[in-house]
Number of protein chains: 2
Amino acid sequence: MRRDIFQAVADPTRRGIIVLIALQSMTPNAIAEHFDTTRQAVSKHLRILTECDLVKQEQKGREIYYSLEIDKMKEIDVWLEQFRKIWETRFNQLDSLLSTIKKNKK
Amino acid sequence: MRRDIFQAVADPTRRGIIVLIALQSMTPNAIAEHFDTTRQAVSKHLRILTECDLVKQEQKGREIYYSLEIDKMKEIDVWLEQFRKIWETRFNQLDSLLSTIKKNKK
DNA sequence: TATATTTGCAACCGAATAGTTGCACTAAAT
DNA sequence: ATTTAGTGCAACTATTCGGTTGCAAATATA
């Protein structure tokens, strides 16, 4: 059973849940209301998210509030970093090309 | 058949391929040498990556060179943007907390 | 022309995935 | 004490996934 953050984020419902609980913690029932699926299915997604440390839970009586471990999302950001470097290089190349054109115009 | 960039990036082999052809185009055979899998499996991955516009191909005789459509990767970056905003808020809050502590020390 | 190389595609297979229903456990409300 | 509400977990199902093998098409080489 592969369980990493990229696989966690691959499912659209899970991405929805992640965004939903990014700013405020919510119970499974409350979360399920936002999606066209059963409470149990959401519960399953929450378990997967928990398994890769993407969410934390806080028990309050019989309710459990789930919220996002937002720092974990940085792992994706770290991976993207290498492409960001390439984007910047491309941008600088474009930038110097534009200034060359500009200089030649004068 | 769901086919979006998040699902494309979920598989570790595909992430490997993406990184591999980010800077230089390569043939399927050359790519397959870097992974512990058959050429056909790599070919399948390339098809999936093509289906979500992550790679482009250039035919040269009987060889086909694949390279990354690097701008497409920005779609992940765009989705991450919302979390980056939260990170920054948290950081600023921490920052102002630290200056408060510093001020109180004086 | 005959052969070797590079590739894509289809068929098949085992495992994983996302979903459902049903049930048990616990906490709150009556 | 009984009922209701909130939750997790197990069993089952249909579908998708990642991989393999085999084959056909096209290009290069002998």
Side-chain angles (χ1 to χ4, degrees), chain A residues 1-21 24-69 72 76 79, chain B residues 1-21 24-69 72 76 79:
Chain A
M1 203 187 330
R2 184 161 38 89
R3 201 111 297 178
D4 61 61
I5 193 171
F6 290 99
Q7 197 252 345
V9 150
D11 183 78
T13 304
R14 278 198 292 271
R15 283 201 300 280
I17 294 176
I18 286 173
V19 171
L20 202 57
I21 63 173
Q24 52 174 346
S25 61
M26 293 177 77
T27 64
N29 263 326
I31 295 169
E33 281 173 16
H34 290 78
F35 301 96
D36 187 25
T37 178
T38 59
R39 193 222 9 118
Q40 283 91 333
V42 169
S43 201
K44 243 181 170 182
H45 284 305
L46 285 171
R47 187 152 61 114
I48 291 170
L49 293 174
T50 303
E51 275 170 20
C52 48
D53 303 316
L54 258 169
V55 303
K56 55 172 176 285
Q57 18 184 314
E58 195 184 348
Q59 186 107 24
K60 276 192 183 173
R62 70 184 164 192
E63 293 180 326
I64 302 176
Y65 285 83
Y66 286 87
S67 61
L68 185 65
E69 282 281 8
K72 187 75 178 179
I76 301 176
W79 187 70
Chain B
M1 202 187 332
R2 184 160 38 89
R3 202 110 296 178
D4 61 62
I5 191 170
F6 291 99
Q7 198 251 344
V9 150
D11 182 78
T13 304
R14 279 199 291 271
R15 283 202 299 281
I17 293 175
I18 286 172
V19 171
L20 202 57
I21 62 174
Q24 53 173 344
S25 61
M26 293 176 77
T27 65
N29 263 326
I31 294 169
E33 282 173 15
H34 288 78
F35 302 95
D36 187 24
T37 179
T38 58
R39 198 233 352 128
Q40 283 92 332
V42 169
S43 203
K44 245 182 167 182
H45 284 306
L46 286 171
R47 187 151 62 113
I48 291 170
L49 293 173
T50 303
E51 275 169 20
C52 47
D53 303 315
L54 259 168
V55 303
K56 55 173 177 283
Q57 19 184 313
E58 197 183 348
Q59 186 107 25
K60 276 191 182 174
R62 70 184 163 190
E63 291 178 329
I64 302 176
Y65 285 84
Y66 286 86
S67 60
L68 185 65
E69 282 281 8
K72 186 75 179 176
I76 301 177
W79 187 70

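Below, all heavy atoms of this structure are taken into account, side chains as well, without hydrogens, waters or symmetry copies. In the text below, chain A, chain B and the rest are named by the order of the sequence lines, each starting its count at 1. Keep in mind it's a predicted model, so treat the numbers as computed, not measured.
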Q | Nearest to side-chain heavy atoms of I48(A), which nucleotide of dG19(D), dT7(C), dA18(C) | A | dA18(C)

Q: Classify the nucleic acid contact of Q59(B) as base, sugar-phosphate or nothing, counting any heavy atom under 4.0 Å across all strands shown.
A: nothing

(Q) With hydrogens left out and only the distance checked, is there a donor-acceptor pair under 3.5 Å joining Q40(A)'s side chain and the base of dG19(C)? (A) no

**Q.** Given dG8(C), dG8(D), dA11(D), the nucleotide with the shortest approach to the side chain of I64(A)
**A.** dG8(D)

Q: Any chance you could measure D4(B), atom CG, to D53(B), atom CG, to the nearest 0.5 Å?
A: 12.0 Å

Q: Spell out yes or no: do the side chain of R62(B) and the base of dT7(C) have one donor N/O and one acceptor N/O closer than 3.5 Å?
A: no

Q: State which of dT6(C), dT7(D), dG19(D) makes the closest approach to the side chain of E63(B).
A: dT6(C)

Q) Does dG6(D) have OP1 or OP2 sitting under 4.0 Å from an N or O in the side chain of T27(A)? A) no

Q.
Below the 4.0 Å mark, does dT17(C) have OP1 or OP2 next to a side-chain nitrogen or oxygen of H45(A)?
A. no

Q: For D11(B) and dT17(C), give me the distance from atom CG to atom C1', rounded to whole Å.
A: 14 Å

Q | Phosphate contact (dT7(C) OP1 or OP2) by N29(B) side-chain N/O below 4.0 Å | A | yes

Q.
Measuring only between side-chain heavy atoms, which start at C-beta, is F35(A) closer than 4.5 Å to L20(A)?
A. yes

Q) So does R3(B) get a side-chain nitrogen or oxygen closer than 4.0 Å to the phosphate oxygens (OP1/OP2) of dC17(D)? A) yes

Q) Under 4.0 Å between a side-chain N/O of T38(A) and OP1 or OP2 of dG19(C), yes or no? A) no

Q. In whole angstroms, how far is the P atom of dT7(D) from the CD1 atom of I31(A)?
A. 9 Å

Q) Atom CG of D4(B) and atom C1' of dT16(D): how far apart are they, to the nearest Å? A) 14 Å

Q. If you look at every strand shown and take non-hydrogen atoms under 4.0 Å, does R47(B) touch a base, only sugar-phosphate, or nothing?
A. sugar-phosphate

Q: Without swapping roles, check the side chain of T50(A) against the backbone of L46(A) for a donor-acceptor pair under 3.5 Å.
A: yes

Q. Any side-chain N or O of S43(B) less than 4.0 Å from the OP1 or OP2 oxygen of dT7(C)?
A. no

Q.
Both R39(A) and G61(A) contact DNA chain C. Taking the nearest nucleotide for each, which residue is further toward the 5' end?
A. R39(A)

Q: Figure out the CZ/P separation between F35(A) and dT20(C), and round it to whole Å.
A: 13 Å

Q) Within the distance-only criterion (no hydrogens, no angle test), does the side chain of R14(A) pair as donor or acceptor with the backbone N or O of V9(A) below 3.5 angstrom? A) no

Q | Gap between atoms CD and P, on E33(A) and dG6(D) respectively (whole Å) | A | 10 Å

Q. Taking atom C1' of dG8(C) as reference, at what distance in whole Å does atom CG of L49(B) sit?
A. 15 Å

Q.
If the cut-off is 4.0 Å, is T37(A) near the phosphate of dT20(C), judged by side-chain N/O to OP1 or OP2?
A. yes

Q: Tell whether K44(B) reaches the base of dG19(D) with its side chain through a donor-acceptor pair below 3.5 angstrom.
A: yes

Q: Find the distance Q7(B):CD to dT15(D):P and express it as a whole number of Å.
A: 17 Å

Q. Just how far, in rounded Å, is P of dA27(C) from NZ of K60(A)?
A. 17 Å

Q.
For the backbone of G61(B) and the side chain of Q59(B), can you confirm whether one donor and one acceptor N or O come within less than 3.5 Å of each other?
A. yes

Q) Is there a donor and acceptor pair, one atom on the side chain of R14(B) and one on the base of dG18(D), closer than 3.5 Å? A) no

